[in-house]
**Student:** 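What follows is a structure written as C-alpha cells; I'll ask about it next.
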Amino acid sequence: MADSNLFCISLILLPLILLFLLFLITRPRPIQIPIKKRHIFITGGSSGIGLALAHRAASEGARVSILSRSIDKLEEAKNAIRQSTGIDVAIFAADVRDFEAVQRAVDEAGPIDVLVVNQGVFVAQELEEQKLEEVRFIIDVNLMGSFNMIKAALPGMKRSRKDRGPGSIALMSSQAGQVGIYGYTAYSASKFGLRGLAEALQQEVIGDNIHVSLVFPPDTETPGLTEENKRKPQLTSIIAASSGAMKADEVAKKALDGIKSGSFTIPCNSEGILLAIATAGLSPQRSYLMAFVEVVAAGIVRIAALCFQWNWYGSIEKWHMQKNRT
C-alpha cells in the first residue's frame, strides 16, 4: 500500500518539478509586442501572405509599409488595403537582392518596430534537373534577401528602442524549412538557412529588446502556388499532400498572433505543431508550458516522424518501381 501511495505521489510531483525547472530555465522570457500605432514593414507585401499580413496589421491600427519588386502590384495592394480598412499604406519598389535599393527604401520608410521578412520564391524540381542559375535565384531571394533586409533595417530598429518599446523581426520560413521534401533541394536549403539566421540573430539582438520569430506555414493558397504546381514533380505532390494547404489570411492571422506574443517558433496548423515539437532542438522557447510539451512528447513525436519517413520513402520506392516497369 505504501509503495502504491509513493508511486502516485511521484506521478504528481515529477511533472510539477519538471514544470518548475522549465519555468526557471526557458529563455528568452515571455514578451508582448504591441502592434497598434507602430511601424510594421513587410517585404513581399503586394500579394499572398504578405498582403494578408498588411491587411491585418492595418486593421489593427499599425502604420504599415510594404515592399516588393513591382510598383504596379504595390499600387493594387495599396488600393485594396485602403478599400478594406480605410487606411493608406506606404509602398516601396525594390528587389531584396539589391542591398542599396533596400537600404534606400528602409531609410525613406523611417524607423521600423516590426520587420516581417516575407519575400520568397519557390520552384520544385529535382536538383539534377534544376539549373544552377535557378538555384542561385531561390537562395539569393529567400536567404540573401533576408540578410539584406535585416542588415538595412537593424541600425534604425536599435535606435531609441527604450522609448519605442520592444521590436520584432519575423522571418517567413516554411514547413519545408523544417523537413526536407523530394524536389525541394534548393527551396529547403534556403528556408533551413533562415533558422540558423534566426537562432543566431536572436542572441545578437535580445539585448536591444528586439525579438525574433520564425514562421512555418504549409502550402498556402496564393497566386504563386498555382504557378508552382505546374512544374512540381509528381513525387513532390504525393509527399507534400500529407499537409493540407491553408488560406493566406489564415496564415497571416497565425503569424501576427505569434509575432505579438514574441514566439520564436510559429507553426500554422496541427502538422506544423508536430513539426515544431519534432525539430525543437536547441531553439529558444519562451513558454515553459510549450517546453514541457516538447520534453514530454519528444519520443512519441520522433516515432510519428519515423512513420512519416516510412510512408514517404515507401511512396518514392513505389513510384520508381512503376517508372521502371514502363
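Numbers for residues simply follow the sequence, beginning at 1.
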**Student:** Mind checking side chain to side chain donor-acceptor pair (under 3.5 Å) for E76 and listing every partner two or more places apart, or none if nothing turns up?
**Tutor:** none

**Student:** What residues, two or more places apart in sequence or in another chain, satisfy side chain to side chain contact (heavy atoms under 4.5 Å, CB included) together with Q83?
**Tutor:** none

**Student:** Output every pair passing side chain to side chain donor-acceptor pair (under 3.5 Å) with a member in residues 12-33, not counting sequence neighbours, ordered by first then second residue.
**Tutor:** none

**Student:** Residues two or more places apart in sequence or in another chain: which of them pass side chain to side chain donor-acceptor pair (under 3.5 Å) with H55?
**Tutor:** S84

**Student:** With sequence neighbours excluded, what pairs up with E134 under the side chain to side chain donor-acceptor pair (under 3.5 Å) test?
**Tutor:** Q130, R231

**Student:** The criterion is salt bridge (charged side-chain N to carboxylate O under 4.0 Å, His left out); which residues satisfy it with K254, sequence neighbours excluded?
**Tutor:** none

**Student:** With sequence neighbours left out, what residues match D95 under side chain to side chain donor-acceptor pair (under 3.5 Å)?
**Tutor:** R97

**Student:** Under 3.5 Å, side-chain donor or acceptor atoms of residues 196-212 against the rest of the protein: list the pairs with distances, not counting sequence neighbours.
**Tutor:**
| unit_1 | atom_1 | unit_2 | atom_2 | d |
| --- | --- | --- | --- | --- |
| E199 | OE2 | R195 | NE | 3.0 |
| Q202 | OE1 | V212 | N | 2.7 |
| Q202 | NE2 | I210 | O | 3.1 |
| N209 | OD1 | H211 | NE2 | 2.8 |
| H211 | ND1 | R286 | NH2 | 2.7 |

**Student:** Sequence neighbours left out, what passes salt bridge (charged side-chain N to carboxylate O under 4.0 Å, His left out) with E294? Give chain and number order.
**Tutor:** none

**Student:** Are D249 and K253 ion-paired here, with the side-chain N under 4.0 Å from a carboxylate O?
**Tutor:** no

**Student:** Which residues satisfy the salt bridge (charged side-chain N to carboxylate O under 4.0 Å, His left out) test with D107, sequence neighbours excluded?
**Tutor:** none

**Student:** Sequence neighbours excluded, which residues qualify as salt bridge (charged side-chain N to carboxylate O under 4.0 Å, His left out) partners of D98?
**Tutor:** none

**Student:** Taking the hydrophobic residues Ile, Leu, Val, Met, Phe, Trp and Tyr, and joining any pair whose side-chain heavy atoms are under 4.5 Å apart, which ones share a cluster with L274?
**Tutor:** I273, I277, M290, V293, V301

